[in-house]
K.L.:
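My questions will all concern the structure given below.
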Number of protein chains: 4
Amino acid sequence: MAASRRTSPVQARSKAMVERILDGATRVLATSGYAQMSTNRVADEAEVSIGSLYRYFADKDEIIAELQARASDGIVDELTTAMTDAALLPAYEGTRHVVATLVDSLRARGPLISAMINEVPLGSHTNALPEVERGLAQFTRLYVIQRAPDMSRGELEARIYLAMGITLSSCLRIALEKPAELDAEHLIDLVAGVLSLGLTA
Amino acid sequence: MAASRRTSPVQARSKAMVERILDGATRVLATSGYAQMSTNRVADEAEVSIGSLYRYFADKDEIIAELQARASDGIVDELTTAMTDAALLPAYEGTRHVVATLVDSLRARGPLISAMINEVPLGSHTNALPEVERGLAQFTRLYVIQRAPDMSRGELEARIYLAMGITLSSCLRIALEKPAELDAEHLIDLVAGVLSLGLTA
Amino acid sequence: MAASRRTSPVQARSKAMVERILDGATRVLATSGYAQMSTNRVADEAEVSIGSLYRYFADKDEIIAELQARASDGIVDELTTAMTDAALLPAYEGTRHVVATLVDSLRARGPLISAMINEVPLGSHTNALPEVERGLAQFTRLYVIQRAPDMSRGELEARIYLAMGITLSSCLRIALEKPAELDAEHLIDLVAGVLSLGLTA
Amino acid sequence: MAASRRTSPVQARSKAMVERILDGATRVLATSGYAQMSTNRVADEAEVSIGSLYRYFADKDEIIAELQARASDGIVDELTTAMTDAALLPAYEGTRHVVATLVDSLRARGPLISAMINEVPLGSHTNALPEVERGLAQFTRLYVIQRAPDMSRGELEARIYLAMGITLSSCLRIALEKPAELDAEHLIDLVAGVLSLGLTA
DNA sequence: GATGAATGAGTCTTCATTCAT
DNA sequence: TATGAATGAAGACTCATTCAT
């Protein structure tokens with residue numbers, strides 16, 4: 001009946017090292033920025049030895065990549081649910097629901113996403129979060145085909161290509177750097193409006 | 001009519017050091033990325049001694065800043081001209097002209113812009129090229145006020161805020177990473193359309 | 001009975017890094033002077049990587065400071081013992097014992113002290129070895145109060161102030177740069193004489 | 001009758017470059033310390049081109065050496081006069097006059113001497129100002145021979161050797177770092193007393 | 001598996017010195 | 001002679017990565 005201090009050693013030990021490392025990395029990134037994110041600092045923050053860090057990750061980039069993948073996957077999961085729901089709604093409402101969900105997803109991962117997008121010198125900004133974009137594109141394609149079945153293939157792809165950029169950049173703006181005087185809900189309305197119109201008009 | 005090799009030594013020597021250094025930096029950035037952009041590498045590429053590099057720039061950041069400022073200024077200049085011309089055109093045509101100009105401006109500075117946006121860990125990506133955005137916003141504000149004089153202040157600012165994101169991200173996409181199978185002119189048409197509609201509808 | 005070459009690898013390896021670094025620094029200082037004492041040179045001389053050097057010392061100054069502190073502490077220790085012994089001796093004999101001990105202490109650290117005093121651009125030379133001076137001053141104060149109880153506070157402090165300078169500079173001269181034709185023991189006699197007289201007469 | 005601006009150009013130009021450079025160096029040393037004394041900084045301060053600086057001085061050390069020589073020569077000159085005067089005075093008064101003069105000489109060159117002694121990593125501190133010491137020693141030798149004609153050669157040299165150290169270090173202390181609560185005149189009295197006694201007793 | 005001391009290539013930057021004009 | 005732009009060796013320091021225990 002010895003009280004468990006902090007977290008029980010067993011629990012702490014069994015929590016996969018990978019998780020601890022990624023958590024540490026996230027914390028460093030979110031609180032101190034990429035410039036401070038040395039592998040040793042991450043290991044410290046994760047309360048893991050630097051040796052162990054390199055047992056689970058080949059190099060620093062792999063940590064970044066995994067962080068990105070996880071953020072991406074989380075967002076994709078949330079978006080997938082939202083897109084499923086959206087399929088049952090009228091065009092505008094569906095679009096708005098997806099946009100609002102994306103904004104929330106990004107906002108929930110704010111500091112991490114922010115550091116990743118703005119400071120990590122990897123990956124394309126004009127195509128940040130490629131997995132998210134892919135998932136979104138697939139859904140949008142179906143969505144447009146339903147609403148505008150006559151649209152040519154080329155037209156469809158062009159519109160989707162732009163819509164992806166518009167959606168991601170707008171949601172990032174709203175989630176991460178919206179000035180206080182602008183209302184997020186209203187901005188989401190506008191984005192949904194632009195997308196509904198732009199995709200099918 | 002003997003062809004001049006590369007650049008004549010004299011020409012090379014007289015070319016202002018600052019220019020050579022910035023050119024060197026641009027070349028390093030474009031060909032090897034920011035990660036490889038050490039001051040020594042830049043000096044080598046510029047065929048300038050490291051001592052001279054520090055005679056003309058206080059530190060590495062100052063080189064980056066100057067590169068950004070120049071790209072930004074060049075784009076702003078080109079945009080300013082385009083916006084002046086656009087003022088005389090009907091809404092859609094004006095918008096399209098500005099968008100097309102921005103795409104050209106970005107494309108002309110392709111590798112530099114790309115490296116700057118994606119790899120340089122300075123400045124916000126969701127608000128890349130802040131000077132460009134500022135110039136564009138001013139023009140857009142006037143443009144909207146003309147076309148939709150009854151719009152409330154809040155509505156106006158919200159739409160401009162989004163339009164800036166949409167414009168920049170779309171133009172960056174078209175200029176820097178458009179898949180070959182999509183037609184740039186058509187994409188520009190679509191962006192102009194979305195903006196015309198989205199700004200005033 | 002095979003003679004051990006230089007130092008056995010094991011011994012070398014187990015010897016604390018801090019010691020190796022300080023030894024290396026001492027050697028560089030003594031053989032090549034402060035001007036040659038780059039951190040890389042110290043690391044080489046210590047047969048330690050530059051990275052390790054910075055694991056144990058925050059920066060170059062910290063190495064110098066530690067070297068100074070150690071020399072100072074060693075001398076202070078030896079002086080403390082000597083001063084305790086001196087308390088039981090008659091005035092002149094006591095003074096002479098302390099002076100002789102200080103000369104020995106300085107001589108034992110000859111090249112290091114020499115480099116430190118003459119080349120290291122830190123700390124005041126007119127007050128080299130401040131800790132040593134402090135310890136000495138405390139002892140001297142008691143010594144004078146015993147022998148000349150009527151001396152005014154101001155007179156006491158003035159004499160001690162000068163005596164410190166005289167003692168340190170004389171002992172340094174004797175220990176570090178005495179011409180061969182002068183006899184150290186005799187010089188020590190004279191210093192002790194001057195101090196005995198000068199302090200209480 | 002054109003008013004002379006600042007200093008007349010001719011005068012400024014004719015003032016030997018060497019002087020301007022040394023003045024510049026002195027100013028840098030006195031105001032910013034040796035660490036800031038780069039040759040370019042000196043040239044700036046002297047309003048002389050770096051090229052000219054190297055026309056008149058072989059290297060940086062030569063500037064330092066000249067500065068030291070000049071300070072030394074100035075002090076020696078002042079001391080020489082004082083020693084001549086002292087020859088006519090009784091023992092203690094003569095000694096005191098010389099000591100007081102040395103303190104004044106050092107104080108007049110305070111910041112320069114201070115920087116030179118404490119920061120410049122050249123020359124021995126235990127024998128700072130060797131020329132001064134030499135001049136002083138010569139005078140002292142005569143002085144002692146007069147007062148204590150029976151003293152053996154060895155005894156004489158030993159006493160002079162120590163007296164030089166005592167004189168220089170004490171005068172430096174009094175001139176450069178005396179605590180405010182101690183009275184300079186009194187300290188000079190004491191030094192003179194110690195020397196008078198110590199040299200001949 | 002876990003550890004963390006040790007490594008050293010590479011970074012930014014300074015400054016004494018040269019030499020073409 | 002005077003100039004000052006240009007040079008580059010060298011210095012202090014960082015950090016991703018390894019490997020003996």
Side-chain angles (χ1 to χ4, degrees), chain A residues 13 16-17 20-21 35-44 46-64, chain B residues 13-14 16-18 20-21 35-44 46-64, chain C residues 13-14 16-18 20-21 35-44 46-64, chain D residues 13 16-17 20-21 35-44 46-64:
Chain A
R13 187 147 296 245
M17 303 280 283
R20 293 171 61 184
I21 294 165
Q36 306 302 317
M37 189 201 169
S38 73
T39 51
N40 281 285
R41 170 83 190 279
V42 168
D44 279 359
E47 293 183 80
V48 149
S49 74
I50 183 66
S52 293
L53 185 151
Y54 275 90
R55 173 165 290 283
Y56 293 100
F57 293 91
D59 55 25
K60 193 183 176 184
D61 285 356
E62 205 172 282
I63 299 177
I64 295 287
Chain B
R13 185 149 294 257
S14 67
M17 301 284 285
V18 168
R20 291 172 63 185
I21 294 165
Q36 304 304 316
M37 190 202 168
S38 73
T39 51
N40 283 286
R41 173 79 192 282
V42 168
D44 279 359
E47 292 183 81
V48 147
S49 74
I50 183 66
S52 292
L53 185 151
Y54 277 94
R55 186 168 180 60
Y56 292 100
F57 293 91
D59 57 25
K60 193 183 173 181
D61 283 356
E62 204 173 281
I63 299 177
I64 296 287
Chain C
R13 185 148 294 256
S14 66
M17 301 284 285
V18 168
R20 291 171 64 184
I21 294 166
Q36 304 302 317
M37 190 201 168
S38 74
T39 52
N40 282 287
R41 172 80 192 281
V42 169
D44 279 359
E47 294 184 81
V48 148
S49 74
I50 183 64
S52 292
L53 186 152
Y54 277 93
R55 187 168 179 60
Y56 293 99
F57 293 91
D59 55 26
K60 192 184 175 182
D61 283 357
E62 205 172 281
I63 299 178
I64 296 288
Chain D
R13 186 149 297 245
M17 302 281 283
R20 293 171 61 183
I21 294 165
Q36 306 301 318
M37 189 201 169
S38 74
T39 50
N40 281 284
R41 171 81 190 280
V42 168
D44 279 0
E47 294 183 79
V48 148
S49 74
I50 182 65
S52 294
L53 186 152
Y54 274 92
R55 172 166 289 284
Y56 293 100
F57 293 90
D59 56 25
K60 194 184 175 183
D61 284 357
E62 206 172 280
I63 299 177
I64 296 287

K.L.:
When the distance from CG of D:D44 to P of F:dT3 is rounded to whole Å, what number comes out?
P.N.:
12 Å
K.L.:
What is the nucleic acid contact for B:S38, judged by heavy atoms within less than 4.0 Å: base, sugar-phosphate only, or nothing?
P.N.:
sugar-phosphate
K.L.:
Treat a base pair as Watson-Crick or G-U wobble with both distances under 3.5 Å, then lay out DNA chain E in dot-bracket form, 5' to 3', with | for cross-strand pairs.
P.N.:
.||||||||||||||||||||
K.L.:
In whole angstrom, what separates D:K60's NZ from E:dA16's P?
P.N.:
4 Å
K.L.:
Atom OH of B:Y54 and atom C1' of F:dA10: how far apart are they, to the nearest Å?
P.N.:
14 Å
K.L.:
For the pair made of CD in D:E62 and P in E:dA16, what is the distance, rounded to whole Å?
P.N.:
15 Å
K.L.:
Across the strands shown, which category fits B:F57 at heavy-atom distances under 4.0 angstrom: base, sugar-phosphate, nothing?
P.N.:
nothing
K.L.:
In whole angstrom, give the distance that lies between atom OH of C:Y56 and atom C1' of E:dT7.
P.N.:
12 Å
K.L.:
Could you state the atom-to-atom distance from CD1 of D:I50 to C1' of E:dC15 in whole Å?
P.N.:
9 Å
K.L.:
Calculate the interatomic distance between B:E47 atom CD and F:dG8 atom C1'; express it in whole Å.
P.N.:
16 Å
K.L.:
What is the separation between atom CD on A:Q36 and atom C1' on F:dA16, rounded to the nearest whole Å?
P.N.:
16 Å
K.L.:
Compare every heavy atom of C:V42 with every heavy atom of C:I21, then report the nearest pair and how far apart it is.
P.N.:
O-CG1, 3.8 Å
K.L.:
Using a cut-off of strictly less than 4.0 Å, decide whether C:T39 has a side-chain nitrogen or oxygen near OP1 or OP2 of F:dA12.
P.N.:
yes
K.L.:
Heavy atoms only: give me the nearest B:Y56-B:E62 pair and the separation to one decimal.
P.N.:
O-OE2, 4.0 Å
K.L.:
What distance separates B:E47 CD from B:S52 OG, expressed to the nearest 0.5 Å?
P.N.:
12.5 Å
K.L.:
Categorize B:D59 for me: base, sugar-phosphate, or nothing, with a 4.0 angstrom heavy-atom threshold over every strand shown.
P.N.:
sugar-phosphate
